[in-house]
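Structure record follows, encoded as structure tokens.
Chain letters run A, B, ... following the sequence lines, proteins first, then strands; residues in each count from 1. Keep in mind the model is a prediction, meaning the values are calculated, not measured.
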Number of protein chains: 2
Amino acid sequence: MAKLSFKEQILRVREDAIIASVNRLLADKGYDLMTVDEVAAEVGIAKASLYKHFPSKETLAAAAMVRLLQRALAFVEQQAGLPELSAFGKLRAVTRWLLEIQLAGEMPTLPAQNSSLRAALMADRKYMDALMLASDHLGHWIVQAQTDGDIDPQFPPEVVLYTVFARACDPVPGFLKAGEKFSDEQIVDWVLSICMRGLQPAKAQNNARPGKTLRD
Amino acid sequence: MAKLSFKEQILRVREDAIIASVNRLLADKGYDLMTVDEVAAEVGIAKASLYKHFPSKETLAAAAMVRLLQRALAFVEQQAGLPELSAFGKLRAVTRWLLEIQLAGEMPTLPAQNSSLRAALMADRKYMDALMLASDHLGHWIVQAQTDGDIDPQFPPEVVLYTVFARACDPVPGFLKAGEKFSDEQIVDWVLSICMRGLQPAKAQNNARPGKTLRD
DNA sequence: GTCTATAAGAGGATAGAC
DNA sequence: GTCTATCCTCTTATAGAC
């Protein structure tokens, strides 16, 4: 029994290494340009061995997405445990997290069109569960922020949610980083500022809510 | 002479048809998933014939991008001829145009990572010329809008320019359209509103320009 | 310039020995 | 589970007849 558990540990470590490589390559080149040969080479094992762990390129990508979503969910739930932070502040923190992950080159990106891949993801329990949980949190914060007067109530929560999610694949940070004129922190601040400001009510941006002061 | 010109016309019409198909397919599936076979099939000619017109898949994509950029430049220059419209209004019009083109499925998209493809584009005079001209116009409007108090001067013009450009590949409109809950006009209005509002100064959003008082 | 047919090669996936 | 060697499909690109 101990031997089995040990083997399982080794297996787990190796698969973590694989997923990390896939994550990096997905962030770097995207799904279509990432080849299984590259993954195998980077991990340092033969391609056939790789296929013993993950039966297809799609499951490989799905595993990376699951890992990302679980990281995201962990962050979201951490924010949920901060009662002194406003709903808007939590949304801002999550948006910032997405931008930081992306700018750090850790954001795996999948083609929006590949429906076969999307089907594989939708069939993955762990992926969908994490996605649902995270979306639920964000959805509640959005509604709360709207009643707080921090987000314009004219926008359907769906629109706000997608706007936040879209920061994960916003090309602006990458362009600015490629220009080598600004620091990563500066870039994140600007893009985050533009994004959040766009969601706020038009006429009464900095009005304090009854009790809470000094946000932003 | 007349015969040659006639032949040239036919050639031109055929190549326009090819580029239109490429444009549609690029908008639909993206560069990597678009195959030359598909293009040939959609145009209704053999693949070998296609290669007589365009020597590679890359030049095919480049031609579609040139066409798009020239359409964009035409729109930009049309806006430039409207003296009664503010610089901010022109930027808004261009941003709206990008969103409409994208939502209409006419926005060809290239992978941001494929450097070989990017090199081919950078080597194309017509592409670069149109890009430069359009960027110049937008750049001037951005600076003007900042002195007008319509765009927050804390943002470098570069940041504003990329934020506008990025609407061309914003995934939010597509997500909302897929939900089938909102009209295209409604979607464009929301996304445009969020984008432009994000660029405006934080504290004095709806102040008319001529005499700006209102807090700061 | 258009076609049919095919080369050339990349890349996902597998066979079978160890 | 790991390896080497291979299969097979898809895709870009070209040859050569008309």
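Within a heavy-atom distance below 4.0 Å of DNA chain D, the residues of residues 50-59 of chain A found are A:K52, A:H53. Scanning residues 29-43 of chain B for heavy-atom distances under 4.0 Å to DNA chain D yields B:M34, B:T35, B:V36, B:D37.
Each salt bridge (charged side-chain N to carboxylate O under 4.0 Å, His left out) pair with one or both residues in residues 93-105 of chain A, not counting sequence neighbours, appears once here: A:R96-A:E100, A:R96-A:D189. Listed by first and then second residue, the ring-ring contact (aromatic ring centres under 6.0 Å, His included) pairs involving residues 17-67 of chain A amount to none (not counting sequence neighbours). Applying the ring-ring contact (aromatic ring centres under 6.0 Å, His included) test to pairs two or more places apart or on separate chains, those with a residue in residues 109-140 of chain A are A:H137-A:W141. Applying the ring-ring contact (aromatic ring centres under 6.0 Å, His included) test to every pair with at least one member in residues 64-97 of chain B, sequence neighbours left out, gives these pairs: B:F75-B:W97. Sorted by first then second residue, the side chain to side chain donor-acceptor pair (under 3.5 Å) pairs that include residues 107-117 of chain A, not counting sequence neighbours, are A:E58-A:S116. Pairs engaging residues 156-181 of chain A under the side chain to side chain donor-acceptor pair (under 3.5 Å) rule: A:E158-B:K181, A:R167-A:D170, A:K177-A:D184, A:K181-B:E158 [sequence neighbours left out]. Counting only residues at least two apart or on different chains, the salt bridge (charged side-chain N to carboxylate O under 4.0 Å, His left out) pairs with a member in residues 59-84 of chain B are B:R71-B:E106. Note on residues 33-45 of chain A: pairs passing salt bridge (charged side-chain N to carboxylate O under 4.0 Å, His left out), not counting sequence neighbours, are A:R24-A:E42, A:K29-A:E38, A:D37-A:K47.
Every residue was checked against the salt bridge (Lys or Arg N to Asp or Glu O under 4.0 Å) condition with B:D32, not counting sequence neighbours, and none meets it.
Rounded to an integer number of Å, the gap from B:K47 NZ to C:dT4 P is 12 Å.
Taking 4.0 Å as the cutoff to heavy atoms of chain A, we find the contact window on DNA chain D bounded by D:dG1 to D:dT4.
Across all their heavy atoms, A:G198 and B:R197 have their closest contact at O-CD, 3.5 Å.
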